[in-house]
Each structure stands twice: as structure tokens, then as C-alpha cells.
Amino acid sequence: MGDTAVPVLQSGNLADTLDFYRTLGYTVTYQQTRPYNYGAVEANGCALHFASEPRSTELPTEQVACLVMIDDVAARHRAFTEALRTRYGKVPAKGCPRITRFRPGQSRFTMVDPVGNSVIYIQRDEPMEVEYGGSRELEGLARVLDNARILRDFKNDDETAIRVLEVGLGRFGAEAPRPDKARALSALIELSVATNGSARGEQWRAELRAMKLSEAERTSVAKELRAATDLADWLSEEG
């Protein structure tokens, strides 16, 4: 057998931390409180360990702790979402704990536990060399959409994604293919829901309605049009 790496995360209140991971479907495989706190959980053959922070070191309240490679990232996100809703009566999307939203086609999401450990779950067959925006094979508004995708789905930077799309629409919107413009407006509507920017969202909805897309064009952007509605439903359940 080859080497095996086991991430050791901040434990915080160890009992509460282990109980949180139980909620997500992990099994507690080890727990001790003396002579120091230490615990471990495991699911699907993947172990996470937890230890007390060194008293002499100030650690950030949130940090990227580890990556977990999985076979079906969409199914795992659904399972975690349902488990969190059952436990908390809502899906925590802000603060600690929280889970980032998931759109069709994404290859990763982040779960932040009550201590602030960030665990990123990644589709195992995600390309080794991910194109982080601005693909040279794209141009105009299509390239802007690619940049916004990376900001939104990989960097969790919704506000910058909004700015990039707004500037892109101003620069390329007049000559861009109608489906690309519709995708940009749909992305802005979804981002307005995520950032609670209701006023801007209504403006972009009005622009999208004014386009009067053909049936074929509407079908080609159906996934993007649905994303904002799905997110609104998800956050309404969050409470």
C-alpha cells in the first residue's frame, strides 16, 4: 500500500464537532478528552481527524483545511443539504456552519463546519488542469461568462462576478448572441438572489423579459434560467 494522508483539523468543542459530522453521515471512530482532545470521523473510507489548536498560536477563524475527492459531488451535496435541514430546520448558507450552493454542472462545493474548518468536496473526474476563467478559445461575452463562472463557483466571490458580468454586458451586450446575453442576465439574477440584491435582480429580470426569447433560445438557456429559481427556493427553506 502507498502512503495515506490524514488531515488534522481544528477541534473546537470536540463533542459538538464530532456530532456535527455525525449529522453529515460520518461515523466517529475515535474520541478522547485526556490528556488532550483528539477525535476522528470516517465516511466512505475517508478519515478526518480533529485536535486542539496550539495555545501559543493564533489560527484564523476559517481556513481551507482539506480537499475530499468523491465520485458524485451532486449527490453528496444533496445528502448534506437534507441532513443540515433536518438538524437545523434550515440550510445554513452563512456563518459557521454553512454549505455553499450548488448549480448543475459544478464539480465542487465547500462545507464549513462549526469551528470554521473548510472541507472542499471535489468530483473525482474533475479535469486536473481546470481552466480558471477567460479561456482563450472564447471571446466577447462568452469569455466574460466563463470568468464569472470561476468567480462564482470556484472562488465564491459573488460580488466580483456581478461586476464582471455588468461590465461585460455593457461592453459586449449589443453585439453578443442573444443566448449569451440571456445567460449573462440569468446569472446576474441568480447572483442577486445569493447576495440579497433584490433591486438589481428586478432590473435584470425586466431586461430578460424584454428580450422575448424564442422557444429554441429559451430551451438553450433553460439551465441558467432555472438556477435563480432553485436558489430562491433553497434559501427560502433556509429561513
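Everything numeric here is computed off the predicted structure, so don't read it as measured data.
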With rounding to the nearest 0.5 Å, note down the distance linking [atom1] in [X] to [atom2] in [Y].
{"X": "Trp204", "Y": "Arg209", "atom1": "CH2", "atom2": "CZ", "value": "14.0 Å"}
{"X": "Asp146", "Y": "Glu139", "atom1": "CG", "atom2": "CD", "value": "13.0 Å"}
{"X": "Leu185", "Y": "Leu213", "atom1": "CG", "atom2": "CG", "value": "9.0 Å"}
{"X": "Thr23", "Y": "Leu84", "atom1": "OG1", "atom2": "CG", "value": "7.5 Å"}
{"X": "Ser186", "Y": "Leu208", "atom1": "OG", "atom2": "CG", "value": "5.0 Å"}
{"X": "Phe102", "Y": "Thr81", "atom1": "CZ", "atom2": "OG1", "value": "10.0 Å"}

Next item on the list: Could you tell me whether Lys181 and Glu207 make a salt bridge, using a distance below 4.0 angstrom between a side-chain N and a carboxylate O?
Entry: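 No.
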
Item checked: Glu82/Arg85 salt bridge by N-O under 4.0 Å criterion ->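 Glu82 and Arg85: not salt-bridged.
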
Check: Step by step, would you call Val41 with Leu18 a side chain to side chain contact (heavy atoms under 4.5 Å, CB included)?
Finding: CA-CA 7 Å; Val41 299; Leu18 296 180; 3.7 Å; yes

Atom of [X], atom of [Y] and distance for their closest heavy-atom approach:
{"X": "Val164", "Y": "Ala148", "result": "CG1-N, 4.5 Å"}
{"X": "Pro92", "Y": "Pro97", "result": "CB-O, 3.2 Å"}
{"X": "Pro7", "Y": "Leu48", "result": "CG-CD2, 3.6 Å"}
{"X": "Gly25", "Y": "Ala43", "result": "O-CB, 4.2 Å"}
{"X": "Ser118", "Y": "Val112", "result": "OG-CG2, 3.6 Å"}
{"X": "Gly201", "Y": "Ser192", "result": "CA-OG, 3.3 Å"}

Item checked: No-hydrogen, no-angle side-chain donor-acceptor test under 3.5 Å, Ser107 and Gln123 ->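 Looking only at side-chain atoms, Gln123 and Ser107 do not form any donor-acceptor pair under 3.5 Å.
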
Sort and list the pairs that fulfil salt bridge (charged side-chain N to carboxylate O under 4.0 Å, His left out) and have at least one residue in [range], not counting sequence neighbours.
{"range": "residues 20-45", "value": "Asp19-Arg22"}
{"range": "residues 67-81", "value": "Asp71-Arg124"}
{"range": "residues 166-178", "value": "Arg178-Glu217"}

Checklist line | Partner set under side-chain contact (heavy atoms from CB on, under 4.5 Å) for Ala184, not counting sequence neighbours | finding: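 In terms of side-chain contact (heavy atoms from CB on, under 4.5 Å), with neighbours along the sequence ignored, Ala184 is linked to Leu141, Leu145, Leu165, Leu169.
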
Notebook entry, point to check: Partners of Ala15 by side-chain contact (heavy atoms from CB on, under 4.5 Å), sequence neighbours excluded?
Noted result: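 Checked Ala15 against side-chain contact (heavy atoms from CB on, under 4.5 Å); matches are Asn13, Gln31.
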
ILVMFWY cluster, [X] and [Y] together (side-chain gap under 4.5 Å):
{"X": "Val68", "Y": "Val28", "result": "yes"}
{"X": "Val167", "Y": "Leu188", "result": "no"}
{"X": "Phe109", "Y": "Tyr88", "result": "yes"}

Do [X] and [Y] have side-chain heavy atoms sitting under 4.5 Å apart?
{"X": "Arg143", "Y": "Glu137", "result": "no"}
{"X": "Thr195", "Y": "Ile162", "result": "yes"}
{"X": "Tyr121", "Y": "Arg108", "result": "no"}
{"X": "Asn37", "Y": "Phe50", "result": "no"}

Note to self: List the residues meeting side chain to side chain donor-acceptor pair (under 3.5 Å) with Asp157, not counting sequence neighbours, and say none if there are none.
What the structure shows: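 For Asp157 the side chain to side chain donor-acceptor pair (under 3.5 Å) partners, ignoring immediate neighbours, are Thr160.
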
[X] side chain vs [Y] backbone, donor-acceptor pair below 3.5 Å:
{"X": "Thr17", "Y": "Ser11", "answer": "yes"}
{"X": "Asn117", "Y": "Gln10", "answer": "yes"}
{"X": "Asn44", "Y": "Cys46", "answer": "no"}
{"X": "His77", "Y": "Thr110", "answer": "no"}

Notebook entry, point to check: Passes side chain to side chain contact (heavy atoms under 4.5 Å, CB included), Leu24 versus Met111? Steps please.
Noted result: CA-CA 10 Å; Leu24 298 179; Met111 189 278 301; 3.7 Å; yes

Notebook entry, point to check: Who passes ring-ring contact (aromatic ring centres under 6.0 Å, His included) against Phe20, sequence neighbours left out?
Noted result: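 Checked Phe20 against ring-ring contact (aromatic ring centres under 6.0 Å, His included); zero matches.
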
Check: In chain order, what residues pass the ring-ring contact (aromatic ring centres under 6.0 Å, His included) check against Phe172, with sequence neighbours excluded?
Finding: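 Testing Phe172 for ring-ring contact (aromatic ring centres under 6.0 Å, His included), a comparison that skips the adjacent residues, returns none.
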
Notebook entry, point to check: Which residues, ordered by chain and number, are linked to Tyr38 in its hydrophobic cluster, where ILVMFWY side chains connect at heavy-atom gaps below 4.5 Å, directly or through other members?
Noted result: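 Reading the cluster by chain and number, Tyr38 sits alongside Val8, Tyr30, Tyr36.
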
Considering residues at least two apart in sequence or located in another chain, which fulfil the salt bridge (Lys or Arg N to Asp or Glu O under 4.0 Å) criterion with [X]?
{"X": "Arg200", "result": "Glu159"}
{"X": "Arg183", "result": "Asp180, Glu224"}
{"X": "Asp153", "result": "none"}

Next item on the list: Take Asp158 and Arg101, measure what salt bridge (charged side-chain N to carboxylate O under 4.0 Å, His left out) needs, and give me the verdict at the end.
Entry: CA-CA 11 Å; Asp158 291 341; Arg101 69 190 189 274; 3.0 Å; yes

